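Let me begin by presenting the structure, written as structure tokens, before commenting on it.
No hydrogens, no waters, no symmetry mates; every other heavy atom, side chains included, goes into these values. Keep in mind the model is a prediction, meaning the values are calculated, not measured. The chains referred to below are lettered A, B, ... by the order of the sequence lines, with proteins before strands, and numbering in each begins at 1.
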Amino acid sequence: MTALLDIRDLVVDYGAGNAHPAAVDGVSLTIARGETLALVGESGSGKTSVGRAILRLVEPAAGTMRFDGTDISTLAGDALRRFRRRAQVVFQDPKASLDPRMRVGDIVREGIAIHRLASHAKGDLRVTHLLEEVGLSAADVGRFPHEFSGGERQRIAIARALAVEPEFLVLDEAVSALDVLVRRQVLELLARLQAARGLTYLFIAHDLAAVERIATRVAVMHAGRIVETAETATLFSAPASPEAQALLAAIPKIPW
Amino acid sequence: MTRRIVVRLLQAAAVLAVVATAVFVLLQFAPGDPFAAALDGTNVPPSVRMEWRARYGFDLPPAERFVRWIGALAHGELGYAASRHRPVADVVADAVPRTLLLVGVALALGFAAGILVGLVQARHHRRWPDRLLGALTLGGVAMPEFLLGLLAMTWLGARWRLFPVAGIASLGDTATWPAWERALDLLWHLALPAVVLAVGVAARVARHQRAALLGVLGEDYIRTARAKGLGEWRVLWHHALPNAIGPVLALLGLALPSLIGGAVLIERIFGWPGMGLTLFDALLARDYPLVLAAVLLATVVAVVARALTDVVAESVAPRRARIP
Amino acid sequence: MNPLLSVQDLHVDAPGEGRSILRGVHLTLDAGETVGVLGTSGSGKTTLALALLNLLPPALRARGRVEFEGHDLRTLNHAALCAVRGRRCAMVFQEPLTALNPRQRVGAQVAEVATAHGEHDAARAMRSAIDLLGRTGLTDPGERAQRFPHQLSGGERQRVLLAMALLLDPALLIADEPTSALDVTVQAQVLQLLREQQRARGMALLLVSHDLGVLATTCRRLLVLHGGRIVEDAPTPQLLAAPVHPHARALVDTVRPAERRA
Amino acid sequence: MAGHTWRRLLADRTARAAAGVLGAAALAAVLAPWIAGYDPTAQPDPVALRLAAPSWQHPFGTDPFSRDVCSRVLHGARISLGVAAGAMLLSVTLGTTLGALAAVLGGWVDGVVSALVDVLIAMPRLLVVIALVATFGALSPWWLVVLIGGSGWLTTARIVRAEVRDHQQREYVTAARALGASRWRIVWRHLLPAVAPQVAVAAALALAAVIPLEAALSFVGLGIQPPLPSWGNILLDGSDYLTTAWWLVVFPMAAITLTVGSALVLADRLRVAIAGEGRPS
């Protein structure tokens, strides 16, 4: 199994100021091609910052990040843009992550246009295919995000990410804001896409219960560090760190 | 907080330097000087002209005059106002307190009335008191102050003689009047210009106060307050107003420059002998030292007041947690 | 015996948007009973909680009867309604940060409940507020009471809200998603506190949530709200074991562990 | 126009009425030479027609020189609204450009623009313009546009800078960055459309500030010079006859108050439409 992503001693430090995600204080992790690594931690643990640093949306202060063998921590200009074709992101709140003034067709097409992946006519066709792949219809291209439900919006965000044909997706609390029933459908969609396209996922969540069904392995974060990494089944049956034990204990025990 | 105050002070100093320089440079382009009218007649011998201009430094190169002016300024000397035959400092010392009185009273009246109107409008949102006051405040903002001043002076002053039409004191030997009578006389003269200015302020404040209150009334903590069983006025007064007053106080600083602009016109209409009237007279007489002093002082007042309100508004700004 | 709360045919419409949020809700709740309302987003569960105490935003119109301790809260005059709110029936909201006044110290916000309902001695109101803050698990309550909401953690803020609701020993506590905004471990602690206080005071609890786990571990009876109507009303074990309505079944299925699936 | 802020605005009856008033005023200004019954400077009979009350021949009456007030107000609209529109366009363009550049480039550009705004905004605008006009003597309307417009960009720059910075923090912009969009693509495709409604608010407010400014200048004799009519100098002419010939003042006053009020209402309704952003229309 080859590592698609290999991170060593990642540090993210925002300095003074307050409107930032939490800092990261020396995180190392590897993700193998085709697997799903869940990164779980409470608010302030730094899990979101790890995802953003990998995508180079925030600048890491120290550490190395290798993606498919190349160092991505210092990429710039064209090389950075080419990397962004390979690694994409889906955020928690599709209401915030979709430009409310753009039509769905233009939102999904934006990546295709930036990377000049298709002519105009072919681009249309590709957008249609993508929308159908995520469970929407070709007729939706002319509508605005606010005309859709939360689950449908998240499907639009997934289609936008897939438009540049990435190998790696950061799912930053991508299903946390969805209703339980919709969440299950979107998780099924993500699993289907992973199988069909050979995708690798970094699945960020604040709640262990949410990752049990999708994760291959789970890494638990606390105060900017990873305190435990284990196969999903192992972590749920025998959590080693107090943080993992607390997260597991917090799942309500329904009296069946 | 301390850093903010220091930055504000530095900015205030920068404004003053910029204004002083700009006004001085601009006036160099202006044709004529204070002596043009009096001395450039054919009867005055050139030597006399030279002598008078030399006495007040008008024969020096502009750069040197600027340096001298700034130097004098640092010593509190503002030069000689030829059109008034008095030192500028004396003219200004008379005029500035009058303008401050006018603007201060207008601000106090305007903010008190505006906040009250905003509260009533928010309390009766979308019902008739809100609509009526909304129409009135809109008119109050849309109608230029000088027009309102003109109407008030003509009807309440000239036509119905309820108030004096001009000046700051009644004619006659008011100096011998008892103090309280002089004070009443001053108030009587102050009433119209101050109320006219206050109407514009109140209308603007009310519109902001209403909008700020309505914004705050949609907040969760207002719902909490209602769920506690508080009455509507108590909710408005104790929970909405403290959170909605910040933007309105910030308006104080932002509105002040335009209020001083408005006061200039109002002083002219009502013959109120403050800085505005002084400025107009000085402009007509091309009395440069006086013009410079007038513009500079008006700016000082605006800048200082803005810095103060900024600090106040900052200290009452809603407290929010860090975003995780 | 009459029920403590009896809601009959409650409708809430949004005339501006031309849609209905609640379409005829019926529910009853006895004194001391714990009832959970389960609903997904858009089911109208928050609207239901707010409508009970006439706290709906002005854009929404309600009709129907909400009888509480013998009064119809929908038609009660404003002063009488204010006397019920916070004293006989209190409420806890979802977002503890925004539900607290950012410019008032939290102790004063708790004490205000007492002064609003006739306690004239401000010092005594503050003492009882601090005392209760301590009993809701706030460490050093005297010092915490002097803080502003943004100086507390999320869990502490929710404890403050809870203290505010419990101060006058209400007969009914309505809690709308009281733990959804909290970290999972804090959520567990706050739920534990809520259960303890309910038992100790014997008050009725109407808990509204999207999380079946939260409801099932706290309430004896569960209602499922769907499309503005109560589609299922059953004791918790019965609902878990044999949900009738398809929507209720789907919701139960999402949390049912694999080994219990049919 | 994509984006439903504009659609919400169009659906708003109050906003349509305000826009209608402004549109009618603009139309009247443009068509003044054809719809005004008289030459605004003609003095047909300074004796018999002096200060004639409103009548069918002269719906707004005549002034002390027997000129038709209605024609003067219509032609005055050309000057007053022309100067106002020009000054508004200048200040909004300047403000939007500088505010957006400051927010997007950050660093020293932001420092310079912000410091400039902070410093200049404390200066009383009317005073500065009066001082300038008085210094240079009577100015052509074009110079008035430059002066008034050039001194009015500060508020727009503040608003645009704050709005752009706000939107830069939002997740849809982060998503565009993650897609590999360049800085200027983000500005052009996402940020400018996002702040456009706020710019429109700033424009309406600028118009509401500039019309009274021109009127005030002309009223004290420092703006538009006679015989060219403007709303301000018509008022100046009429101010001596307030108690005897009300029509000299009432009509230009109504014109100013109506146009300024409409601009303010439009700004209000735009704000309401913006607040409803993201919700179904």
Quiz prompt | Single hit among C:Asp253, C:Val255, C:Leu251 for side chain to side chain contact (heavy atoms under 4.5 Å, CB included) with A:Val180 | solution = C:Leu251
Quiz item: Of the options C:Thr217, C:Thr218, C:Thr179, which is the one that meets A:Pro252 in a side chain to side chain contact (heavy atoms under 4.5 Å, CB included)?
Solution: C:Thr217
Distance, nearest 0.5 Å, that separates [atom1] of [X] from [atom2] of [Y]:
| X | Y | atom1 | atom2 | result |
| --- | --- | --- | --- | --- |
| C:Gln187 | A:Ile251 | CD | CD1 | 10.5 Å |
| A:Ile254 | C:Asp211 | CD1 | CG | 7.5 Å |
| A:Leu187 | C:Thr254 | CG | OG1 | 11.5 Å |

Quiz item: Mind checking what makes side-chain hydrogen bond (donor to acceptor under 3.5 Å, both in side chains) contact with C:Thr47, not counting sequence neighbours?
Solution: none
Quiz item: Are there more than 12 heavy atoms of other residues, nucleotides or ligands under 6.0 Å from atom CZ of A:Arg197?
Solution: yes
Exercise. Return yes when atom NE2 of A:His222 has more than 12 non-hydrogen atoms of other residues, nucleotides or ligands closer than 6.0 Å, and no otherwise.
Key: no
Quiz item: Which atom names give the shortest non-hydrogen contact between C:Arg256 and A:Arg213, and what distance separates them?
Solution: O-NH2, 4.1 Å
Quiz prompt | Contact summary for C:Ser41 and A:Asp179, nearest pair of heavy atoms | solution = OG-OD2, 2.7 Å
Quiz item: Any sub-3.5 Å donor-acceptor pair from C:Asp183's side-chain atoms to A:Glu42's backbone N or O?
Solution: no
Quiz item: Is it the side chain or the backbone of C:Ala241 that comes within 4.5 Å of chain A heavy atoms, both, or neither?
Solution: neither
Quiz item: Looking at residues at least two apart in the chain, or sitting in another chain, which of them share a salt bridge (Lys or Arg N to Asp or Glu O under 4.0 Å) with A:Arg52?
Solution: D:Glu171
